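Report on one structure; see the data block that follows.
Here the structure is a predicted model, which means the values were calculated and not measured.
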Amino acid sequence: MKTLAPWIFVGPAVVAVIVFLYGPMIASLVLSFLDWNLLSPDVGFAGTRHYQAVAASHDFRLSAWNTLLYCLVLIPAQILLPLGFALMIHGVRGSRMGPIYRGALFLPTIVAYSVAGVAWSWLLNPVNGLFNEVLSALGLPRSRWHTDPQLALLCVSLVTFWKSFGLNMLLWLAALTTVPQSLIEAARLDGARPRRIFFNITLPLISPTAFFIAVTTLFSVLDDIVGVVDVLTGGGPAGSSSNLLYYLWQQGLGFFQFGQASAVAMILIVAVLLVTWAQFALVERKVHYE
Amino acid sequence: MSRFLPHRFALHVVLVILCLVTLFPLLWMVTAAFTPQDQITAKALRFWPEDPTLGNFTEAARRHPIWLWLGNSMLTAGLITLGKLALSLPAGYAFARMEFKGRDTAFWIVVATMSFPSVLAIIPTYIAVVKLGAFDSYGAMIVPMIPYVGFYVFYFRQSFRQLPASMFEAARIDGAGIWKQFVQIGLPNVVGSIAALSVISFLGAWNIYLWGQLVLEDTTRKTLTTGIAMFADLDGAQTPWGALMATSLLSVLPVLAVFLMAQRYIVEALAPGLADK
């Protein structure tokens, strides 16, 4: 009885993640080597054909390149800018405006992708969108925004950032409130400058949160971007704003190429595992737990 | 204190500007939701409806069953949240307060899923839903979204660990069994954490879009955020912008109300959960 009881508590969660999260990963691995269109009873062995097809695909390479760009730009932005916002809100703590700033800046995070897409596609509308009206009023040339292959990736990144910085900001803010004010005051009396206080006192104390944010931001960025791309550009024009997760989504659920989509999923899983492993190896040693 | 005042004032100015920039698309959406359709598409830009109207809401309701969608959103978001709590609370409790063989392995199996982008599992899950004959059902919308509990289990474990062992010791001496300790000592002492994560889960579930797009087909089963896509192509000339903005606003208001009521609670509850090992 004693040995069984804990498993009654943890069993449902363990079974649920194995069946619904690990199961699909393994199924993806299997599907990536099969020829199967879901409808027919015939299931053939494809070997590495799907991987070869994917690797040879121009759209895949473009999506992979875009994903790299997204990650290089969005992940640092998604970590550092919310920290900046949180520091500012923390800087006016005690003010009646604090909760208002916090709520206002968090608001885009609780808006659905479809709603964000509606609002932004109107603002960015190339024909009579507000941004272009403003440009015209200022005597500047109008832009095609997200329908311009040169700008689509930038527009999607901007909307994704707008849509998802709120949670990290909230996490940073929550961490900042745990730093004892007496330590900061003592350092200030000793003549320490704000920069030194931040790097020598605040940051070490909130490092568990920093680590948590560093590890989870990669996935939240990748998750958010699929929704934003879907509602704003559909990956276009000509794949210029696509990314690997959206490519997977399109191949699998738009064109029913389950084999190729699963191959992309496997490539992504390996990439994600490598990045996570690197993050743990590099960062966790620096995390300071009390 | 006074020498920090100019500094604080500058912060307020920057924050107000930042908020206005961030809120702008949504402020504009509110304006459009109350502006007559023929004025929305007029070129001159307005930041305030000149002839405020509720016509866009009635027009939206005439085109699509938006009130039914509102109910569907409540139902799905509520059930997903309940499901997540039912999985993660007992698990977090056992990982925090019980010793058993395989505990650390089981913990990492669950918590590692915190880092799974949901899109990676979507194709096999979709195939399974279709093969099980569950396509276009509430179950298909709700059940596969529940197991994303990695963060919840991690977080509740932290919450339960912070409770003093003496409380449980006392209950044990009084003859309370494992279940009783969980329900009578554990749960009542982490109410703040439960409230915070319920709100976070509800907000997330309310806004599920891609999965809903995929598995919900019948108009009567859509949620607000998936139904919005039925208002036509966003770049199309025939888009009923007024009705679309009204429906979008309708989908934002409930979550906005929930968040505003709970935001103080959320920040307070998140702080110790993440900062303490």
What's the verdict on side-chain contact (heavy atoms from CB on, under 4.5 Å) for A/Trp172 and A/Ile213, showing C-alpha distance, side-chain angles and the deciding distance?
-> CA-CA 8 Å; A/Trp172 283 124; A/Ile213 288 175; 3.5 Å; yes
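A donor and an acceptor atom, one from each side chain of B/Thr226 and B/Thr223, are located under 3.5 Å apart. Using modelled atom types, one finds no donor on one side chain facing an acceptor on the other under 3.5 Å when comparing A/Asn125 with A/Trp145. Between the side chains of A/Thr67 and A/Asn243, not a single donor N or O lies within less than 3.5 Å of an accepting N or O. With hydrogens and angles left out, the side-chain atoms of B/Asn207 and A/Tyr113 include no donor and acceptor closer than 3.5 Å.
Only the side chain of A/Thr177 comes within contact range of chain B, with at least one heavy atom under 4.5 Å from a heavy atom of that chain. Heavy atoms of B/Phe182 lying under 4.5 Å from chain A belong exclusively to its side chain. Interface remark: A/Met97 contributes side-chain atoms only to the contact with chain B (heavy atom separation under 4.5 Å). Of the two parts of B/Ile122, only the side chain, counted from C-beta on, holds a non-hydrogen atom closer than 4.5 Å to a non-hydrogen atom of chain A. For a residue to count as touching a neighbouring chain, one of its non-hydrogen atoms must lie under 4.5 Å from one of that chain's; by this rule B/Leu18 touches chain A with backbone and side chain alike. The parts of A/Leu105 that come within reach of chain B are both its backbone and its side chain, each placing non-hydrogen atoms under 4.5 angstrom from that chain. For a residue to count as touching a neighbouring chain, one of its non-hydrogen atoms must lie under 4.5 Å from one of that chain's; by this rule B/Val255 touches chain A with backbone and side chain alike. Within the 4.5 angstrom heavy-atom criterion, only side-chain atoms of B/Ile266, from C-beta onward, approach chain A. Looking at A/Tyr246, there are no atoms closer than 4.5 Å to chain B (heavy atoms on both sides), in backbone or side chain. Within the 4.5 angstrom heavy-atom criterion, only side-chain atoms of A/Ile18, from C-beta onward, approach chain B. Proximity to chain B involves both the backbone and the side chain of A/Ser95, based on heavy atoms less than 4.5 angstrom apart. If you measure heavy-atom distances from B/Lys101 to chain A, the contacts under 4.5 Å come from the backbone alone. Neither the backbone nor the side chain of A/Ile206 comes within contact range of chain B; no heavy atoms are under 4.5 Å apart.
To the nearest 0.5 Å, the span separating CG on A/Leu21 from OG on B/Ser118 amounts to 9.5 Å. In this structure, CG on A/Leu248 lies 11.0 Å from CD on A/Gln260, to the nearest 0.5 angstrom.
Residue with the most contacts toward chain A among B/Val252, B/Leu23, B/Val14: B/Leu23 (heavy-atom pairs, distance under 4.5 Å). Annotation: maximal heavy-atom pairing with chain B below 4.5 Å, among A/Ala104, A/Ala119, A/Ala265, occurs at A/Ala104. Most heavy-atom pairs under 4.5 Å with chain A: of the set B/Val16, B/Val119, B/Ile146, this distinction falls to B/Val119. Contacts with chain A were tallied for B/Val110, B/Leu120, B/Leu20; B/Leu120 has the most, counting heavy-atom pairs under 4.5 Å. Chain A forms more heavy-atom pairs under 4.5 Å with one residue of B/Leu260, B/Thr113, B/Leu87, B/Leu210 than with any other, namely B/Leu210.
Summarising the geometry of B/Phe231 relative to B/Ala60, their closest heavy-atom pair is CZ-CB, 4.0 Å, with the distance given to 0.1 Å. Here the shortest heavy-atom pairing between B/Phe100 and A/Pro6 reads CD2-CB, 3.3 Å.
Remark: B/Arg157 fails to qualify as a cation-pi partner of B/Tyr93 under the 6.0 Å distance and 45° angle criteria applied to the six-membered ring.
Side-chain N or O atoms of B/Ser73 include one that pairs as donor or acceptor with a backbone N or O of B/Leu224 at under 3.5 Å.
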